[in-house]
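These notes are about the structure you will find just below.
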Amino acid sequence: MEKDSVYLETSLVSYLTARPSRDIVAAAHQTITLDWWDNYRQHFELFISQVVVDEAKLGNSEAAAKRLNILEGITHLDISEEVDNFSRTLISDEIIPQQSLEDALHVAVSCVNGMNYLLTWNCKHIANAKKRAEIERLCAEFGYFYPIICTPEELLLGE
């Protein structure tokens, strides 16, 4: 049986490797992310892009090393001209703000490459109910497969 494909956006890796948070919501996200990583990721074929790697390198060097270690061995999807063009359309259509090019690239990589899921905790620009509908419309307009954009909590295999 073929596994569904999942594009891992950087926020997932950040929650997975961060020090335990004192903020109750962030701590819950960390717990859910760790549960998904430990118990469910093997049911999926995982993908990232260079954008994830570049974002993972930012910040504290020790934390960056943990993030990069998690990403080792995960298949990379290219930032092709087609991906770049679609990301710019997401911005020019004001679906994703201009200052959030990386978020647009994550969405574009997932759509252009036909991912089944885009897994993220970025609920501002990506896993946002209003944005999802707009992204789906744009995918249909350009003939791309629309990935299910969700958080790890939504991808716990029906539990």
Heavy-atom donor-acceptor pair, [X] side chain to [Y] backbone, under 3.5 Å:
X	Y	value
Lys131	Cys123	no
Ser5	Asn116	yes
Glu94	Ile91	no
Arg132	Ile149	yes
Glu154	Thr151	yes

Query raised in the report: Does the pair Arg137 and Glu141 meet the rule for a salt bridge (Lys or Arg N to Asp or Glu O under 4.0 Å), with working shown?
Result: CA-CA 6 Å; Arg137 175 195 55 78; Glu141 184 179 318; 3.3 Å; yes
Query raised in the report: Of Asp103, Thr120, Asn122, which is the lone residue that meets side chain to side chain donor-acceptor pair (under 3.5 Å) with Ser11?
Result: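 Of the listed residues Asp103, Thr120, Asn122, the side chain to side chain donor-acceptor pair (under 3.5 Å) partner of Ser11 is Thr120.
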Report task. Please examine the side chains of Leu46 and Thr75, heavy atoms only from C-beta on, and report whether any two atoms are closer than 4.5 Å. Result ->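 When only atoms from C-beta onward are counted, Leu46 and Thr75 do not touch, as no gap falls below 4.5 Å.
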Tell me whether [X] shares a hydrophobic cluster with [Y], the cluster being built from Ile, Leu, Val, Met, Phe, Trp, Tyr side chains joined at under 4.5 Å.
X	Y	answer
Trp121	Trp36	no
Tyr15	Leu155	no
Phe145	Leu105	no
Ile126	Leu16	yes
Leu58	Leu8	no

Requested in this report: Under the side chain to side chain contact (heavy atoms under 4.5 Å, CB included) rule, what do Leu118 and Ile148 come out as? Steps first, then yes or no, please.
Outcome: CA-CA 6 Å; Leu118 188 172; Ile148 297 171; over 6 Å; no
For [X] and [Y], which heavy atoms make the closest approach, and how far apart are they?
X	Y	answer
Ser87	Ala108	N-CB, 3.7 Å
Ile70	Ile74	O-CD1, 3.7 Å
Gln30	Ala18	NE2-CB, 3.4 Å
Ser100	His125	OG-CE1, 3.1 Å
Leu119	Pro152	CD1-N, 3.4 Å

Query raised in the report: Is Lys130 paired with Glu134 through a side-chain N to carboxylate O contact shorter than 4.0 Å?
Result: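 Result for this pair is no, no salt bridge flagged.
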Query raised in the report: Is the closest basic N to carboxylate O distance between Arg88 and Glu82 below 4.0 Å?
Result: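 Salt bridge flag = no for Glu82 with Arg88.
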What's the separation between atom [atom1] in [X] and atom [atom2] in [Y], rounded to the nearest 0.5 Å?
X	Y	atom1	atom2	result
Thr33	Arg41	OG1	CZ	13.0 Å
Thr10	Ile48	OG1	CD1	8.5 Å
His29	Leu12	NE2	CG	11.5 Å
Cys111	Tyr144	SG	OH	9.0 Å

Query raised in the report: Would one find more than 12 heavy atoms of other residues, nucleotides or ligands at under 6.0 Å from atom CD of Glu62?
Result: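 Result for CD/Glu62: open.
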Query raised in the report: Heavy-atom count around Glu81 CD within 6.0 Å, excluding the residue itself: above 12?
Result: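 12 or below, so no.
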Query raised in the report: How are the rings of His43 and Tyr40 set to each other: parallel, tilted or perpendicular (split at 30° and 60°)?
Result: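 Tilted.
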Query - Residue among Val6, Val109, Leu77 satisfying side chain to side chain contact (heavy atoms under 4.5 Å, CB included) with Met115 - result: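 Among the candidates, only Leu77 passes.
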Query raised in the report: Can you tell which of Asp84, Val83, Leu90 makes a side chain to side chain contact (heavy atoms under 4.5 Å, CB included) with Phe86?
Result: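 Passing option: Leu90.
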Query raised in the report: Stepwise, does the side chain to side chain contact (heavy atoms under 4.5 Å, CB included) test hold for Lys57 with Val53?
Result: CA-CA 6 Å; Lys57 288 178 181 177; Val53 174; 3.7 Å; yes
Report task. Verify whether the ring centers belonging to Phe47 and His76 lie closer than 6.0 Å. Result ->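 Between His76 and Phe47, which both carry aromatic rings, the centre distance is not below 6.0 Å.
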Query - Worked check of side chain to side chain contact (heavy atoms under 4.5 Å, CB included) between Glu55 and His106 - result: CA-CA 11 Å; Glu55 288 181 319; His106 291 305; 2.8 Å; yes
Report task. Please lay out, stage by stage, how Ser49 and Tyr7 fare under the test side-chain hydrogen bond (donor to acceptor under 3.5 Å, both in side chains). Result -> CA-CA 8 Å; Ser49 68; Tyr7 178 85; 2.7 Å; yes
